[in-house]
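Just so we're clear, the structure is a prediction, and the values are computed from it rather than from any experiment.
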Amino acid sequence: KQEVTQIPAALSVPEGENLVLNCSFTDSAIYNLQWFRQDPGKGLTSLLLIQSSQREQTSGRLNASLDKSSGRSTLYIAASQPGDSATYLCAVSPIGGSNYKLTFGKGTLLTVNP
Amino acid sequence: DGGITQSPKYLFRKEGQNVTLSCEQNLNHDAMYWYRQDPGQGLRLIYYSQIVNDFQKGDIAEGYSVSREKKESFPLTVTSAQKNPTAFYLCASSSTGYGYTFGSGTRLTVV
């Protein structure tokens with residue numbers, strides 16, 4: 001059974017700092033990995049989607065990497081801002097297509113202090 | 001704009017009552033999902049549907065029911081058999097190669 005772990009569970013940084021959020025998964029037979037952001041009381045917003053054949057994806061100040069062989073992904077946030085404060089979740093989908101159920105980590109709660 | 005609409009945002013259920021949560025998407029995605037989110041437990045899959053008129057149980061289907069009569073719609077009914085329904089419910093859809101898109105959620109409270 002796939003298990004996804006996110007470390008740290010919570011992180012507090014000063015504004016402007018570069019930071020890395022970690023995600024690990026136990027079964028490397030994945031179709032893709034997706035990073036989401038969730039603000040309090042809101043739904044999930046997709047940040048980056050990495051297909052299993054890719055090593056990284058970038059969007060603005062965000063960069064996500066994927067190393068299937070080691071079962072790890074990282075989300076790098078450059079020049080953090082208070083508006084980046086949210087819970088960040090990673091999720092993996094199994095081989096067989098993305099129309100299958102995702103397995104989520106429990107998330108990292110990020111606080112960026114002005 | 002394409003997206004997923006969940007309604008209502010807030011829902012209150014009395015003991016023994018069935019309630020239905022609505023989920024509509026205009027993304028032309030084939031697959032749709034319902035997740036439940038509780039503090040400290042992460043997201044858990046309730047039901048999912050890959051095509052119209054077909055759906056499968058997820059990890060915590062007991063006390064819930066769904067239907068998929070149209071591609072755009074995937075309503076979730078929380079029945080009186082669900083003993084602890086207070087939670088945040090999230091609907092999602094997906095298409096191969098495009099990942100998942102989530103709705104804004106429905107917060108259900110038992111009164």
S.K.: Can you tell me which residue among F102(B), Y100(B), Y47(B), F55(B) is in a side-chain contact (heavy atoms from CB on, under 4.5 Å) with Y33(B)?
M.R.: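 Answer to the side-chain contact (heavy atoms from CB on, under 4.5 Å) test with Y33(B) among F102(B), Y100(B), Y47(B), F55(B): Y100(B).
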S.K.: Please determine if R68(B) and D54(B) form a salt bridge, counting it only when a charged side-chain N lies under 4.0 Å from a carboxylate O.
M.R.: no
S.K.: Between C91(B), G105(B), S104(B), A92(B), who has the most heavy-atom pairs with chain A when the cutoff is under 4.5 Å?
M.R.: S104(B)
S.K.: Quick one: name the residues clustered hydrophobically with V112(A), using the 4.5 Å side-chain heavy-atom rule over I, L, V, M, F, W, Y, and just say none if it's on its own.
M.R.: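 So far as hydrophobic clustering goes, V112(A) is joined with V4(A), L11(A), V13(A), L19(A), L21(A), F25(A), I30(A), L33(A), W35(A), L47(A), L48(A), I50(A), L62(A), L66(A), L75(A), I77(A), Y88(A), V92(A), L110(A).
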S.K.: Side chain from CB out, backbone as N, CA, C, O: work out which of these in L44(A) comes under 4.5 Å of a heavy atom of chain B, or both, or neither.
M.R.: both
S.K.: Heavy-atom pairs under 4.5 Å with chain A are the metric here; pick the option from Q56(B), R107(B), Q37(B) that has the most.
M.R.: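 Result: the option with the highest number of such pairs is Q37(B).
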S.K.: By the rule that ILVMFWY residues connect when side-chain heavy atoms come within less than 4.5 angstrom, directly or transitively, which residues belong alongside V110(B)?
M.R.: none
